[in-house]
Amino acid sequence: MESDFLPCSFLEMSAPPPKPACPNFSSGPCAKRPGFNPGVAYADAPFGRSHRAAIGKNKIKESMRLTKEILKIPKDYLVAMVPASDTGAVEMMMWQLLGPRGVTVCHWESFGSGWFTDAEKQLKLPKLRNLKAPFGELPDLKSIDWNDDVVFTWNGTTSGVKVPNGDWIPDNRGGLSICDATSAAFAMDIPWNKIDVLTYSWQKCLGGEGAHGMLIISPRTVQRLESYKPAWPLPKIFRLTKNGKLDKAIFEGDVINTPSMACFEDYLDALKWANACGGLDGLIQRSMRNFNVVKSFVEKNSWISFLAKDPSTISNTSVCLVINDLNKEQVKTMLSLLERNKVAYDIGAYRDAPAGLRIWCGPTVETADVNALMQWVDYAHTKIKSGDIKKMRIIITDGLAEGAVKALSTAGHEVVKKKLSKEELAAGALAEWDAIIIRSATKLTAAVIKATADKAGSKLRLIARAGVGVDNVDLKAASAAGIMVVNSPLSATNSVVELALGHLLAQARQITRADRTLREGKWLKNELVGHELAGKNLGFIGFGRIGQALGRVAMALGMKIHVYDPFLPDSVLANFGATRHATVQDVFRACTHITIHAFLSPQTRHMVNAEMIGLMPGVAPDGTKCGNHIVNCGRGGIIDEEAAAAALKSGKLTSLALDVFEVEPCGKSPLFESDRFQASPHIGASTIEAQNRVGAEIAGAVIAALDGSPPAGNLVNKDVQPKFGPARAAKM
């Protein structure tokens with residue numbers, strides 16, 4: 001069969017190849033059928049109806065009818081849906097059928113091995129043969145004694161090895177052939193005269209949903225069910241007989257336990273699509289076209305091979321590959337690169353199998369997508385072998401969520417958590433690392449960056465700030481040294497907004513002061529008179545992502561928004577009905593409540609000083625004498641803390657709330673002398689949710705940047721010319 005693989009010379013490519021339209025190549029659950037639309041597929045689903053009602057039972061009967069038709073199942077074979085996916089179907093048969101004869105379990109991959117464990121450890125069968133082979137091979141099937149019942153998988157999902165045909169199964173066998181065909185049904189020819197029991201699940205070749213198994217049994221199996229009673233008890237979900245006879249209702253639309261009618265509707269949709277493809281023959285052709293793309297690729301590239309040793313046994317669905325010239329860590333790097341670029345998900349070898357790729361080529365996958373994937377595999381392999389994509393050393397000096405650390409390690413990088421002293425930083429200790437991840441504590445000054453860059457053999461190419469503010473990084477020095485700087489601006493927004501709102505509310509109702517005095521035994525009910533935020537002017541110094549998010553909350557409370565932000569377009573402010581001011585002074589003149597959301601710079605340092613505070617009106621537009629209140633959950637150093645303390649003492653500033661300080665950790669401060677001062681120790685992003693999001697965002701940015709393509713939304717020094725340019729950090 002002619003291959004659809006399109007070869008290219010990737011060594012000459014300056015950009016990666018096109019990506020698959022659908023990156024879902026998982027071996028289970030597998031890709032949904034092409035064109036799948038749940039709104040259309042489930043439009044006729046009997047949600048909220050009983051499976052025993054006519055509408056439910058008819059759906060089940062129709063799915064069984066189509067199953068027999070498409071799979072070309074003999075008329076005297078019976079079909080039923082059973083609980084617990086393919087696993088449940090196999091174990092149901094093992095528990096009910098095995099025992100009267102010897103048993104041979106043939107296995108050459110993980111799930112088949114599980115069936116042997118069931119027979120040995122759970123059923124404790126006395127006459128049991130373990131006929132096994134290592135990954136990539138089949139056992140000697142000709143050695144089977146067919147007086148035994150034989151349990152086997154038609155296609156090894158985790159090894160990519162299938163039985164080539166059914167010729168090894170005699171027609172006049174004494175025992176039963178019990179076949180797990182979960183990754184073979186609907187993609188391979190099954191000789192039904194060789195099969196007594198066949199099981200599969202919907203989630204494989206038809207891309208259906210999980211949790212439901214399918215059972216197909218021959219007349220010989222029915223005879224065994226009605227003539228043999230196992231010595232062990234059978235749970236209800238395993239029972240197919242009633243009063244010693246087959247419970248035929250289960251094969252005529254009844255079910256053992258309550259099924260998901262949504263899953264049945266999904267199965268029906270897949271079966272109708274299968275019919276439209278030309279039935280079983282059409283499905284096999286689709287799978288073989290996909291397989292032949294991979295086969296052609298393997299034939300053209302000596303560095304990759306099938307895990308299956310015998311060409312006649314290579315699976316056309318779960319295609320397992322070995323990368324001959326990459327070690328385990330490099331294979332992990334390849335998989336991570338493909339996943340984070342949204343080229344292919346879940347294609348790593350099964351955990352018990354040799355390191356490599358496992359690409360699902362079942363009929364629901366489009367051939368064009370397999371072709372695109374293989375081009376990317378070639379591209380990634382070239383980059384890894386040339387050293388463009390390799391294991392990097394990353395140091396984390398200020399702490400990071402464990403999920404982020406795991407993500408970096410999974411991407412194939414070496415990650416170390418380690419504090420560095422000022423002296424070590426000044427001596428160029430970062431030169432031995434490819435990247436550093438910091439929070440606000442580590443200060444990467446111009447001197448530190450220069451000492452690092454000047455050190456012989458310096459490798460540092462990336463500074464990652466887990467958070468928004470980068471005022472603890474000298475951006476000019478980083479750009480001059482060719483070091484990229486990335487941050488995570490999205491992750492902490494909601495948490496910082498909620499803290500700022502908490503401080504605003506605490507100021508308005510004097511919650512902090514009320515708590516303190518109550519602890520001192522004072523009941524100041526008549527003195528602790530607060531004010532409402534509704535109707536008050538809230539001034540924003542800086543109106544970026546966090547400012548706008550807080551602005552939406554403040555609007556909901558009825559506050560009027562005033563903004564100083566010279567970089568913001570008028571169209572953004574129009575959404576808030578905000579008043580724009582030309583100067584910071586104008587905002588302070590107009591507002592009794594101020595919130596700071598600017599970056600710290602030489603221009604903004606001590607911007608909020610005695611003069612600025614003195615401009616605040618103390619009286620709201622509605623005439624309420626609410627006083628003057630400032631909140632800073634942005635950057636420390638913007639407020640002159642000594643001037644603010646003096647304003648609190650004089651009464652010009654009614655309350656001040658700080659989450660950030662000029663020096664952190666802050667020591668003794670005149671601010672603490674005022675009972676109108678409330679503080680938190682830089683905890684704006686200190687929520688479980690924000691820490692996880694910050695970690696995930698910065699890990700993603702670091703991984704992409706080390707590949708040579710930092711996300712535009714995370715790269716801070718956009719004018720940087722990376723020290724390790726295109727030849728060392730290939731654009732992905």
Who pairs with [X] by salt bridge (charged side-chain N to carboxylate O under 4.0 Å, His left out), at least two apart in sequence or on another chain?
{"X": "R393", "value": "E414, E432"}
{"X": "E137", "value": "none"}
{"X": "E265", "value": "K59"}
{"X": "D196", "value": "R173, R220"}

For residues 313-349, the ring pair (Phe, Tyr, Trp, His ring centres under 6.0 Å) pairs (sequence neighbours left out) are none

Ring pair (Phe, Tyr, Trp, His ring centres under 6.0 Å) pairs touching residues 268-292, sequence neighbours excluded, are F291-F306

By side chain to side chain contact (heavy atoms under 4.5 Å, CB included) - contacts of [X] (at least two apart):
{"X": "S260", "answer": "H212, A262, C263"}
{"X": "R65", "answer": "E62, E69"}
{"X": "S63", "answer": "F264, Y267, L268, L271"}

In short, salt bridge (charged side-chain N to carboxylate O under 4.0 Å, His left out) pairs touching residues 346-367 with sequence neighbours left out are R286-E366

Contacts satisfying salt bridge (charged side-chain N to carboxylate O under 4.0 Å, His left out) that involve residues 201-212 (not counting sequence neighbours) are K32-E209

Across all chains, not counting sequence neighbours, the side chain to side chain donor-acceptor pair (under 3.5 Å) partners of N324 are S305

TODO: Output yes when K295 and E299 qualify as a salt bridge under the 4.0 Å nitrogen-oxygen rule, no when they do not.
DONE: yes

inquiry  = Check K72 with D189, please: is the shortest side-chain N to carboxylate O separation under 4.0 Å?
reply    = no

Exercise for review: Just say parallel, tilted or perpendicular for the rings of F186 and Y200, cut-offs at 30° and 60°.
Suggested key: perpendicular

